[in-house]
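What follows is a short report on a single structure.
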Amino acid sequence: MKKIGNVTLDTSCYPGEDLYSDGKVEERILELAKTYPQESYNQIIAKEQDWAVMYHLAREREHILSWYPFESGAKVLEVGSGCGAVTAAAAAQAASVTCIDLSLRRSTINGLRNQERENIKICVGNFQDIEKELECDYDYATLIGVFEYGRGYIGGEKPYHGFLNTIMEHIRPGGKLLIAIENKFGLKYWAGCREDHVGAFFEGLEGYQNTEGVLTFTRPELVQLFEECGYRNYRFYYPYPDYKFPTVIYSEDYLPRQGELTQNICNFDRDRLVLMDEEKVFDQIIKDGLFPLYSNSFFVEITKAPEGEAEKKAAKSLEMDEGAKREKSWVLYTKYSNGRSPEFAIRTCIVREQGEISLYKMPEYPAGVPHIQSIAGARDKLEQLFLAKGLFQVNQCRLEEDKIFFEFLSGVTLEEKLDLLLEKGKKDEMRELLREEVKHILEAAPFVEFVMTPEFQKVFGNVSFPREEAAVETADIDLIFSNILLTEDGKRHVLDYEWTFEFPVPAGFLAYRAIHYYFETSAKRKILKEDLNLYEEFGITGDRRLKYEEMERNFQRYIRGDYVPAGELYRSMGKKALPLGE
């Protein structure tokens, strides 16, 4: 036993050498972990420009677990903890986390990055040696990017069945196993990405004919495996774009809508082909109800129930208790607002509580609490602003400690309605709706004359205009079509008003953002720019448009701070995406 800060490192089962490694880059990662705190990792990744450094150290890796509602006081077993990519996410909620990993170097990196935490123990060595000494009362066990290597952990004729059953032996009745794994039938593999583990095109789709030692599964294959092992209480979630760097976690009860899955070209590890437009194919898959089959990754929760004839009644009772817990409070959807400085980084969740669905936003870091609290004040200001003309209703919210809860409304966003018209080929109707809605954004609130203020300069930069600008005194600059919901009563509801500023902002900038974010966030809409001169129709021409573009760039810099977002990293270190024909 030894200590790395407050972390306990148990090497009693260590064989004396690391039997697997990513090579020399691990020595570099160890050096970085010794030198820098976790808060600096994003800047380090941007400087190092190395996929392995990004993969092992990026804070976004934690997103696959940080959303999950661990019970208070939980005892967690993390198998295959590696360099600690997700260890902190479990340790932040659990009373204790026991990690297992074969590599001493990787375990040392894990200990260094979590050295201030007192609830982590890392056991180094072969899983089969350590497993014999493990307790059998863990509330949770995690296999994050590990289950596919079951043959290496267990061996035998049915290694994955054996691996699952072995892990389950160490979980108490009612406890849960959490698995994150690639989907063998993930759309990205059909579309031209190489198989993640072996780097070959279509290897998983063709049944791993040339591969030994690793195996991923389709959803039906996982279900069959679970049920053959006797586990029928399971629940699937769908991380997007995958479980390694998820920005959204969907559930069976809240699947993606058409038009949502647009961030598909994000290959940092290897070159890929582009055999199709994944966004359009995903839209068709979603429309046909097939998304669970083609999601790129799975996150699965399996609940252990009592076994044996004499305990059937207890098992049934346990299932009912689990159902009651889920009904009481359960996360249906999580979206991470990536690429922001800590003071603006937030998480948006949709939950079911007491049978009712609600939505809340919370800060990712303590520095973000004032930003969350400011949203409640923005609601009051906007309600007063929109009252005179009544074109928009402001979604109601309530502040509870560091979370702000919003009313969960049913309806169709303007973005969805416009996309539906585009899909049906009703371009004239769509053009008219676009014009009408941009007018509503411009007419929603009274105008004042634009005056440059220090607050404006802090957010949007020192942008001067050659002519007078009509402005909105309190400006919700996020009045974009995805944030405006149409309900059955014909009213327009402003869903999200996070970016509301209490100083004059040019009204034309609000119109510019609505048009820009509709045209530019989906490839299928970009063709509209050629035959629809909306910018010009609303006076956003020449210098004025350039000024608005400058304001947008400055605003993005303001919310990003020193943080380097994934999109910028991809431009500098992403690998090639070669269209069909090249």
Side-chain angles (χ1 to χ4, degrees), residues 1-66 70 75-127 130 142-146 180 244-245 268 342 345 364-367 562-564 569:
M1 295 278 189
K2 70 174 186 176
K3 287 280 192 177
I4 302 178
N6 295 320
V7 174
T8 300
L9 195 68
D10 183 349
T11 58
S12 58
C13 292
Y14 181 56
E17 62 176 327
D18 286 356
L19 301 179
Y20 72 96
S21 169
D22 279 344
K24 289 184 178 181
V25 70
E26 286 193 9
E27 291 290 349
R28 178 59 177 158
I29 295 171
L30 178 60
E31 180 185 347
L32 294 171
K34 287 179 179 177
T35 308
Y36 299 99
Q38 291 212 53
E39 293 76 19
S40 302
Y41 285 178
N42 174 257
Q43 292 293 312
I44 290 168
I45 291 165
K47 182 179 179 181
E48 295 288 319
Q49 295 285 295
D50 187 283
W51 161 246
V53 174
M54 180 179 181
Y55 178 77
H56 288 295
L57 296 185
R59 182 66 182 265
E60 289 86 351
R61 293 288 308 283
E62 294 183 14
H63 291 172
I64 193 60
L65 271 189
S66 59
F70 288 93
K75 182 178 180 181
V76 177
L77 173 66
E78 183 189 357
V79 180
S81 50
C83 296
V86 300
T87 302
Q93 299 187 65
S96 68
V97 178
T98 300
C99 302
I100 301 175
D101 199 83
L102 185 59
S103 165
L104 178 59
R105 184 189 292 119
R106 291 189 176 193
S107 296
T108 302
I109 294 168
N110 190 357
L112 287 167
R113 66 193 296 182
N114 290 296
Q115 58 188 293
E116 295 182 1
R117 297 185 181 275
E118 299 179 350
N119 60 341
I120 297 174
K121 176 183 178 182
I122 306 173
C123 301
V124 187
N126 187 284
F127 171 76
I130 297 171
T142 69
L143 299 173
I144 308 300
V146 172
K244 296 183 182 72
F245 291 92
F268 284 91
E364 278 294 290
Y365 309 98
D562 294 330
Y563 192 90
V564 184
L569 288 172

Completion exercise
d(Ile120 CD1, Leu9 CG) to nearest 0.5 Å is 11.5 Å
Completion exercise
Separation between OG1 (Thr108) and CD1 (Ile29), nearest 0.5 Å, reads 13.0 Å
Problem - Shortest non-hydrogen separation from Val79 to Val146 and the atoms involved - result: O-CG2, 3.3 Å
Fill in the blank from the handout: All heavy atoms of Arg106 vs all of Ser21, minimum pair found to be NH2-C, 4.3 Å
Under 3.5 Å, side-chain donor or acceptor atoms of residues 84-91 against the rest of the protein: list the pairs with distances, not counting sequence neighbours.
{"residue": "Thr87", "atom": "OG1", "partner": "Glu78", "partner atom": "OE1", "Å": "2.8"}
{"residue": "Thr87", "atom": "OG1", "partner": "Asn110", "partner atom": "ND2", "Å": "3.2"}

Handout entry: Polar side-chain atom of Asp562 near backbone of Gln43 as donor-acceptor pair, under 3.5 Å
Key = no
Handout entry: Exercise: identify the closest heavy-atom pair between Ile130 and Cys13
Key = CG1-CB, 3.8 Å
Practice task
Quick one: do Arg28 and Glu31 satisfy salt bridge (Lys or Arg N to Asp or Glu O under 4.0 Å)? Show the steps, please.
Solution key: CA-CA 5 Å; Arg28 178 59 177 158; Glu31 180 185 347; 3.1 Å; yes
Practice task
Flag the pair Thr98 / Cys123 as yes when at least one side-chain heavy-atom distance between them is below 4.5 Å, and no otherwise.
Solution key: yes
Exercise for the section: Kindly compute the distance separating CG (Leu32) from SG (Cys83), expressed to the nearest 0.5 Å. Expected result: 11.0 Å
Problem - Side chains of Phe70 and Leu65 in contact at under 4.5 Å (non-hydrogen atoms) - result: yes
Handout entry: Nearest atoms (heavy-atom pairs only) where Tyr14 meets Leu102
Key = CE1-O, 3.9 Å
Problem - 4.5 Å side-chain heavy-atom contact, His56 and Ile109 - result: no
Exercise for the section: Compare all side-chain heavy atoms of Thr11 with those of Leu104 and state whether any distance is below 4.5 angstrom. Expected result: yes
Completion exercise
CZ (Arg117) and CG (Asn6) are apart, to the nearest 0.5 Å, by 11.0 Å
Exercise for the section: Ignoring hydrogens and angles, tell me if any N or O in the side chain of Glu48 forms a donor-acceptor pair with the backbone of Ile44 under 3.5 Å. Expected result: no
Exercise for the section: Using the test side-chain hydrogen bond (donor to acceptor under 3.5 Å, both in side chains), find all partners of Gln93 that sit at least two apart in sequence or belong to another chain. Expected result: none
Problem - Flag if over 12 foreign heavy atoms under 6.0 Å of CD, Gln49 - result: yes
Handout entry: Parallel, tilted or perpendicular: rings of Phe268 and Phe245 (30°, 60°)
Key = tilted
Problem - Residues which pass side-chain hydrogen bond (donor to acceptor under 3.5 Å, both in side chains) with Gln115, listed by chain and number, not counting sequence neighbours - result: none
Exercise for the section: Nearest 0.5 Å please: distance from the CD1 atom of Ile4 over to the CZ atom of Arg113. Expected result: 12.5 Å
Exercise for the section: Could you tell me whether the side chain of Lys244 reaches within less than 4.5 Å of the side chain of Tyr55, counting heavy atoms only? Expected result: yes
Exercise for the section: Find out whether Arg59 and Asn42 are in side-chain contact, i.e. whether some heavy atom of one side chain is under 4.5 Å from a heavy atom of the other. Expected result: no
Fill in the blank from the handout: For Asp101 and Ser81 the tightest heavy-atom approach is OD1-N, 3.4 Å
Practice task
Please name the pair of heavy atoms, one in Ala33 and one in Tyr41, separated by the smallest distance, quoted to 0.1 Å.
Solution key: CA-OH, 3.9 Å
Practice task
Determine yes or no for a side-chain-to-main-chain donor-acceptor pair under 3.5 angstrom, with Asp18 supplying the side chain and Arg105 the backbone.
Solution key: yes
Handout entry: Between CG on residue Asp10 and SG on residue Cys99, distance to nearest 0.5 Å
Key = 12.0 Å
Practice task
Determine whether more than 12 heavy atoms belonging to other residues, nucleotides or ligands lie under 6.0 Å from atom OH of Tyr36.
Solution key: no
Handout entry: Heavy-atom side-chain contact between Asn114 and Gln38 under 4.5 Å
Key = yes
Problem - Atom NZ of Lys3 with >12 non-hydrogen neighbours under 6.0 angstrom - result: yes
